[in-house]
Amino acid sequence: MAYLLSGDPHLERYFQAYRSTAEALAEAKSRRVRFEEARKIKKARLMARAEAELQLGAVQKQERYAYSHAEYQELVDFLEQAVKEETRLYWELECLRAEFEAWRSLQASQRYEKQAYGVPPTGDSSPSPAPFTTKRAKADLLL
C-alpha cells in the first residue's frame with residue numbers, strides 16, 4: 001500500500017492513524033470478549049460455590065448469590081470499561097473514515113475544477129491550453 005501513498009504526507013498520516021486505531025480497536029474488542037467470557041466463568045464458579053458451601057440447591061438462589069457477589073460485580077465493572085473503550089475506538093475509526101471520504105471528495109472536486117478551467121493536473125508538464133479553448137471559457141464567450 002505504501003506505493004499508493006508516495007509523496008502525500010496527509011495520506012501517510014491518515015493511514016498511520018487508521019492502522020494504529022484499527023489495531024487498538026482489535027485489542028479492545030478482544031479484551032471485551034475476554035471479560036464477557038470471564039464473567040460467565042465467574043458466575044458458574046460462584047454458583048458452584050453457593051451449592052457446595054452454602055447448600056443452596058435451587059438454581060435461582062445460586063444465581064442470586066453469584067450476581068450479588070463482589071467478585072462478579074468487579075468483573076462487570078471491568079466489562080463496562082472494556083465496552084466503553086471499544087466503542088470509543090470504533091467511533092474514532094468511523095471519524096477517520098469520514099475524514100478520508102471528505103478529503104477524497106475535495107480532491108475529486110479540485111480535479112474536476114482544474115479540468116474544467118483548463119489547468120493541467122498536478123505533475124503534468126504539458127503547457128497550459130490556449131485561451132478560450134476550454135468548454136467553460138467558450139460558454140462564457142457566448143454570454
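Pairing each heavy atom of Glu85 with each of Ala28, the nearest pair is CG-CB, 4.2 Å. For the pair Leu46 and His69, the tightest heavy-atom approach, listed with the atom from each and the gap, is CD1-CB, 3.6 Å.
With sequence neighbours excluded, no residue forms a side-chain contact (heavy atoms from CB on, under 4.5 Å) with Gln73. Listed by chain and number, the residues in a side-chain contact (heavy atoms from CB on, under 4.5 Å) with Ala58 are Gln60, Lys61 (sequence neighbours excluded). Listed by chain and residue number, Tyr14 satisfy the ring-ring contact (aromatic ring centres under 6.0 Å, His included) test with Tyr18 (two or more places apart in sequence, or in another chain). Residues satisfying the salt bridge (charged side-chain N to carboxylate O under 4.0 Å, His left out) criterion with Glu92, sequence neighbours excluded, are Arg88. Under the rule for a side-chain contact (heavy atoms from CB on, under 4.5 Å), the partners of Gln16 that lie at least two apart in sequence or sit in another chain are Arg19. In this view, Glu101 and Arg104 satisfy the side chain to side chain donor-acceptor pair (under 3.5 Å) rule, not counting sequence neighbours. Under the side chain to side chain donor-acceptor pair (under 3.5 Å) criterion, Arg111 pairs with no residue at all, not counting sequence neighbours. Residues that satisfy the side chain to side chain donor-acceptor pair (under 3.5 Å) test with Glu94, not counting sequence neighbours, are Arg97.
The same ILVMFWY cluster, assembled from side-chain heavy atoms under 4.5 Å apart, contains both Leu93 and Leu11.
Distance OG/Ser20 to CG/Leu25: 11.0 Å, rounded to 0.5 Å.
For the side chain to side chain donor-acceptor pair (under 3.5 Å) condition, the pairs that include at least one residue of residues 35-47, sequence neighbours left out, are Arg32-Glu36, Glu37-Lys40, Arg39-Tyr72, Lys42-Glu71, Lys43-Glu63, Lys43-Tyr67. Contacts classified as ring-ring contact (aromatic ring centres under 6.0 Å, His included) and involving residues 74-98 (residues at least two apart or in different chains) are given here: Phe35-Phe78. Residue pairs meeting the salt bridge (Lys or Arg N to Asp or Glu O under 4.0 Å) criterion with at least one member in residues 72-82, sequence neighbours excluded: Glu80-Lys84.
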Check: How far apart are the C-alpha atoms of Gln110 and Glu113, what are their side-chain angles, what is the distance that settles it, and do they pass the side chain to side chain contact (heavy atoms under 4.5 Å, CB included) test?
Finding: CA-CA 5 Å; Gln110 287 175 351; Glu113 193 173 299; 5.5 Å; no
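Applying the under-4.5 Å side-chain rule to Ile, Leu, Val, Met, Phe, Trp and Tyr, the cluster around Val59 extends to Met47.
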